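Computed from a predicted model, the values in this text were never measured in an experiment. Below, each value reflects all heavy atoms present in this structure, side chains not excepted, and no hydrogens, waters or symmetry copies. Order of the sequence lines sets the chain letters (A, B, ...), proteins ahead of strands, with each chain counted from 1.
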Amino acid sequence: MDQLSGLNPQQQQAMTVGGGPVLVLAGPGSGKTRVLTHRLAYLLGPLGVKPYNLMAVTFTNKAARQMEAQLEALLGHAPRGLTLGTFHATCARLLRREAQHMPFDANFVIFDDDDQRGLVKRILKEQNIDEKMHRPQAVHGRISRAKNELLLPADYPKISYRDEVVSRVYERYQQMLLSANALDFDDLLLYTAQLLEGNPEVREKYARRYEHVLVDEFQDTNQAQYLLLKHLASRHRNIFVVGDTDQSIYRWRGADYRNIQRFEADFPDAQVILLEQNYRSRQNILDAAMAVIKPNTHRTHKQLFSELGKGEKLTVQETFDGREEGAFIVNTIALGVAKGAEPGDYAVMYRTNAQSRQIEEAFLHASLPYKLVGAQRFYGRREIKDVLAYLRVVHNPADEPSLLRVINTPTRKIGAKTLSALRTLASNEKIALSAALLDLANGEGSQYYDAFSPAAARALVSFGKLLAGWTAEAPGMSSLQLLDKILADIDYQSYLDDGTEEGLDRWDNVLELRRLATEYDDQTLGDFLERIALVSDQDTLDDKANAPTLLTLHAAKGLEFPQVFIVGLEDGTLPHARSFDDVEAMEEERRLFYVGITRAKNRLYLLHSANRRTFGYSEPTDPSRYLEDVPDKLVEGGNPVLAGRPTRTVRVDQWAPPAEASVPILQPDYQAGMQVRHPTWGEGMVLNSKIEDGEEIVDVFFEDIGLKKLAASLARLELI
DNA sequence: GCATCGGATTTTTTT
DNA sequence: AATCCGATGC
């Protein structure tokens, strides 16, 4: 295999550079991921490094999976034993392995956002702190920030009264997490960094093991991540990091692009390699990107260049309001598709998740399918959280928040009063709530039975029996079997089915979770739960569906699309109003815009709307100040935002739908004669397929049950 | 113990 | 606009 094939000289240099610290400064589209994968292949192949001695960290699981696949293609086989994953997943694995050194045990659960906020809330209540004055989210934000900066509760600076409160809550928060045998996202990094810092034996073990450490998106590492990398590389000093300060967009969660400077200071012998050639975008797009990022301070200019030609000019368009913005997008896509573009070529990017709704409505209205990136949308749902909470309690009985969530869902007549009695009992006996419940499962034989009123005792006993049953059977069951048993035991389907459409939707979501469990059925319950806790938004992206993608600018990092819309380019939205009074935050907003621009390969649409609705009120807006930095000559018809030009608001509503747009823009994926397999009905033959209301409807003849009409997007058909 | 209603509050971005 | 919270009534 010629490993050097297809790489430019700088990329080759990065791939084959000798040992020691290496810093690759890579502009957008310069083939960062390619370089990382090729370097891994180079180390594993020609240099003969064992997979076991390599670590590569990425920011999303998707990126990790992509690298894995490319690596397999380069090597001809899948390397076994390679440490490749996100920071969080890698740390979680390490902590489980080293749990004997930690104040928690190996089957800890990972608390998500909701759990974290819920915990803070409980503490605020417990300590009689006014939630109005100290918003749970804000308090948690400060705690999270402290952890990212390696500040422990004891070291938390107490300058103001607010600090005093945060510090008190922080301390209790850590206690409560430990007592639930739980870690939050930040803990995964913090504890790992602490372990490596404080325990020389463990540090040596891993520092010896990892002969090479490779890091993607280095500009978005925080202090905890930096410290742990430093320790991991302390023995061999072969640390290879790739980053771009201009794409640093996670300052608010502790990321510190100054880590790049820190790296150069800590490793003065670091070799620096610059990747400037862009293989993604047309030159017009790169010129716009450079012009937009230029006003930022403290940056070294990168001359982005492309050999793909100038390409088409950009479109800067004002619409009347958000509704028309959606209509403009949908019309433009319909027109483009009618002229031969693929629906999947398009992406729509926005600053805040709330903006997606109106865009979705426009797509729904036009019966156009779309893909929405965002894991939270699924995993944050009540029914999903409920079911996961059951699994979590069985996996880790110490998880009190989950226990409290499920103990009365569906309702079992265990209300506030009974709960507080149970709590009192548990704290008097110094046992966990779950332990008390498991004992109560013995009915009248339980030593705790008489501590409750007869009705309360009965309710607790029956729940205790359920819990005891699951806990006893779980070890011999797969996640899927356990899930099914729980769903059946609590009759969750009838609980959800309240006769409304929404109830059915909720049950569908549970079935979707069940499908996910099927995928991970060969893994342990702990792996399954961890997997779910650490999914990133990008991980939910379905590459196969040929439909436009809707996503936030943050979620767009690392991705590319032939045609890109960046919408809501108004002062207050991008830059976001919350950033106005902070110079650094404003620079980050600009970088966010830059990241969005550089996602586009061929065509870029910049949209702003004269009126924007927030909190239910529609208000006039000003175009984003960043639009003024887009050079006149790069924009079709000139940049309308520049002084002296009349605005040209289109009223899309009044457009006659373009004739071409009425052509169905979906092409059937199936055609008559194809052999397919359905998960329940087995093999069959496609008799016909057509597009109806934006859905592909396939007629399939199954041997056993005959003719069925199926929606291609829902039935999980598999081509044979 | 549970359902309903009205009012307040919310939106930045995510592993 | 949508969700969350607390108070009220059953």
Trainee: Counting just side-chain N and O atoms, does A/Asn408 come under 4.0 Å of either OP1 or OP2 of B/dC2?
Mentor: yes
Trainee: Which part of the nucleic acid, if any, lies within reach of A/Thr411 when heavy atoms closer than 4.0 Å are counted: base, sugar-phosphate only, or nothing?
Mentor: sugar-phosphate
Trainee: Using a cut-off of strictly less than 4.0 Å, decide whether A/Arg412 has a side-chain nitrogen or oxygen near OP1 or OP2 of B/dG1.
Mentor: no
Trainee: For A/Phe185 and B/dT14, are the ring centres under 5.5 Å apart with planes inclined under 30°?
Mentor: no
Trainee: Taking only residues at least two apart or on different chains, which pairs with a member in residues 571-586 of chain A satisfy side-chain hydrogen bond (donor to acceptor under 3.5 Å, both in side chains)?
Mentor: A/Arg251-A/Asp582, A/Asp571-A/Arg625, A/Ser579-A/Glu589
Trainee: Can you check the A/Met349 CE to B/dT13 C1' distance for me, whole Å?
Mentor: 15 Å
Trainee: So what does A/Gln137 hit on the nucleic acid, given a heavy-atom distance under 4.0 Å: a base, only sugar-phosphate, or nothing?
Mentor: sugar-phosphate
Trainee: Counting the atoms with a prime plus P, OP1 and OP2 as sugar-phosphate, which does A/Thr573 contact under 4.0 Å by heavy atoms, base, sugar-phosphate, or nothing?
Mentor: nothing
Trainee: Under 4.0 Å between a side-chain N or O of A/Thr614 and OP1 or OP2 of B/dT10?
Mentor: no
Trainee: How many angstroms lie between atom CG of A/Leu422 and atom CD1 of A/Ile414, to the nearest 0.5 angstrom?
Mentor: 8.0 Å
Trainee: Hey, does A/Tyr250 reach any base, or is it just sugar-phosphate, or nothing, if we go heavy atoms under 4.0 Å?
Mentor: sugar-phosphate
Trainee: A/Glu217 CD to B/dT15 C1': how many Å, rounded?
Mentor: 13 Å
Trainee: Using atom P in both nucleotides, what's the gap between B/dT13 and C/dC4 to the nearest angstrom?
Mentor: 15 Å
Trainee: Of the options B/dT15, B/dT14, B/dT9, whose atoms approach the side-chain atoms of A/His88 most closely?
Mentor: B/dT15
Trainee: Would you say B/dT13 has OP1 or OP2 under 4.0 Å from some side-chain N or O of A/Asn353?
Mentor: yes
Trainee: Which label fits A/Trp252 and A/His554: parallel for a plane angle under 30°, tilted from 30 to 60°, or perpendicular past 60°?
Mentor: perpendicular
Trainee: In terms of the angle between their ring planes, are A/Phe528 and A/Tyr520 parallel, tilted or perpendicular, with boundaries placed at 30° and 60°?
Mentor: tilted
Trainee: Check the distance between B/dT13's P and A/Tyr350's OH and give it to me in whole angstrom.
Mentor: 10 Å
